[in-house]
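Data block below; observations after.
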Amino acid sequence: MLGLGVDRLRADMNRLLAMLFHQGVLDEQFLQLQQLQDESSPNFVSEVVNIYFQESEKLLRNLRALLMDREFSDYKKMGIHLNQFIGSSSSIGAKRLRNVCVAFRAASEQHNRAGCLRALELLEHDYCYLKNKLHELFQIEQQRVLAAGVRYPIQQIN
Amino acid sequence: MLNSTNANEAAAKITALVVDDSRINQSIHRKLLENLGIENQVAGNGKEAVDVHCSGKQFDLILMDMDMPIMNGIEATRTLRAMGIRSTIAGVSSHAHNENIQEFVNAGLDDYQEKPLTISKLISILQKVNIN
């Protein structure tokens with residue numbers, strides 16, 4: 001019974017991951033991160049992703065603050081924030097966010113404020129989606145680990 | 001030069017410095033190096049990388065990000081080479097513009113890889129490490 005639970009949870013994880021790949025939200029760099037996780041650092045992926053969430057939210061706040069300023073003209077500063085966001089998104093395999101940032105950067109380089117605002121809204125929307133889905137993934141992973149941990153003592157008794 | 005067939009064996013004797021202001025990339029690059037048995041430490045920008053060398057430390061490999069505050073990777077590479085540092089320096093960046101990459105290479109890089117860094121890119125860099 002518990003074995004079936006573990007298998008079902010693993011299937012749920014794989015289905016969610018497949019969906020995120022299919023939607024272009026994640027790319028194979030996320031799989032590279034998973035391959036780095038091992039017994040010595042069993043929470044490596046969630047730790048790195050949590051750092052990404054912290055840094056991303058700070059960058060989004062900075063970008064919004066820049067664009068909400070009526071006298072905004074510091075496109076160079078905006079470019080620096082976007083380069084950081086592109087880099088960090090690439091590093092964790094957040095393909096869609098990376099692509100939105102690239103388009104955002106193009107608008108910034110053209111000093112296209114309206115284009116930047118549209119890109120920021122899309123970025124905020126897609127970031128929320130990614131964050132929710134990765135939290136869901138990590139929750140399923142936690143349940144799977146717990147279920148696998150409960151299973152083995154029963155097997156050993158038998 | 002490092003032979004790919006005994007990469008893991010030789011890698012255990014290599015030391016590395018990760019120079020990057022991003023905590024995410026610091027974590028990922030350090031884990032890549034650790035998984036290959038490479039002892040490593042971190043510098044958060046180019047100036048810290050220069051300072052750690054001024055303190056007398058040396059490394060076989062330096063993974064150098066390009067865009068960093070205080071001192072960027074181009075300036076840090078130029079400074080380290082001027083100091084006589086002969087370590088293998090691999091530039092790692094997600095920068096879009098080729099002229100910046102060329103300036104980075106001209107500063108004294110032995111290799112350049114586009115981010116994100118992967119196991120295969122790191123092994124390719126390690127093959128350029130001179131472990132004499």
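Naming: A, B, ... by sequence-line order, numbering from 1 per chain. The shown structure was predicted, so the numbers you read here are calculated from the model rather than taken from an experiment.
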Fill in: Single-linkage hydrophobic cluster B:Met68~B:Val105, side-chain heavy atoms < 4.5 angstrom
yes
Worksheet item: Honestly curious: do B:Met64 and B:Ile101 fall in one hydrophobic cluster under the side-chain, below-4.5 Å linking rule?
Response: yes
Item to complete: Pick one of side chain, backbone, both or neither for B:Leu117, based on which atoms fall under 4.5 Å of a heavy atom in chain A.
Response: backbone
Fill in: Same apolar cluster (I L V M F W Y, side chains within < 4.5 Å links), B:Ile70/B:Val18
no
Discussion item. Rounded to the nearest 0.5 Å, what separates atom CG in A:Leu36 from atom CG in B:Leu32?
Written reply: 5.0 Å
Item to complete: Quick one: list whatever passes side-chain hydrogen bond (donor to acceptor under 3.5 Å, both in side chains) with A:Arg64, sequence neighbours left out.
Response: A:Glu124
Item to complete: Check each atom of A:Leu33 against the heavy atoms of chain B and say whether the ones under 4.5 Å are side chain, backbone, both or neither.
Response: side chain
Worksheet item: Tell me, side chain or backbone of A:Glu47 under 4.5 Å from chain B's heavy atoms, or both, or neither?
Response: neither
Discussion item. Check this for me: A:His125, atom NE2, are more than 12 non-hydrogen atoms of other residues, nucleotides or ligands nearer than 6.0 Å?
Written reply: no
Worksheet item: Mind checking what makes side-chain contact (heavy atoms from CB on, under 4.5 Å) contact with A:Ala114, not counting sequence neighbours?
Response: A:Asn112, A:Arg118
Worksheet, complete the sentence: The reported gap from CD in A:Glu28 to OG1 in B:Thr118 (rounded to nearest 0.5 angstrom) is 8.5 Å
Item to complete: Can you see which heavy atom on A:Gln32 is nearest to which on B:Ile119, and at what distance?
Response: OE1-N, 3.8 Å
Worksheet entry | Side-chain heavy-atom pair B:Ile24, A:Glu55 within 4.5 angstrom cut-off | yes
Practice prompt. Would you kindly confirm whether A:Phe44 and A:Ile140 end up in one hydrophobic cluster when ILVMFWY residues are joined by side chain heavy atoms under 4.5 Å apart?
Written response: yes
Worksheet entry | Taking every non-hydrogen atom, the tightest pair across B:Ser27 and A:Val48 | CB-CG2, 4.0 Å
Worksheet item: If you round to the nearest 0.5 Å, how far is OG of A:Ser40 from CD of B:Glu34?
Response: 7.0 Å
Discussion item. Does any part of the side chain of B:Pro116, heavy atoms only, come nearer than 4.5 Å to the side chain of A:Gln29, both counted from C-beta?
Written reply: yes
Discussion item. With no hydrogens and no angle check, just 3.5 Å: does a side-chain donor-acceptor pair link A:Ser41 and B:Lys31?
Written reply: yes
Discussion item. Looking at chain B, which one of A:Ile92, A:Asp38, A:Ile80 has the largest number of heavy-atom pairs inside 4.5 Å, strictly under?
Written reply: A:Asp38
Discussion item. Tell me whether B:Lys121 at atom NZ has more than 12 heavy atoms from other residues, nucleotides or ligands lying less than 6.0 Å away.
Written reply: yes
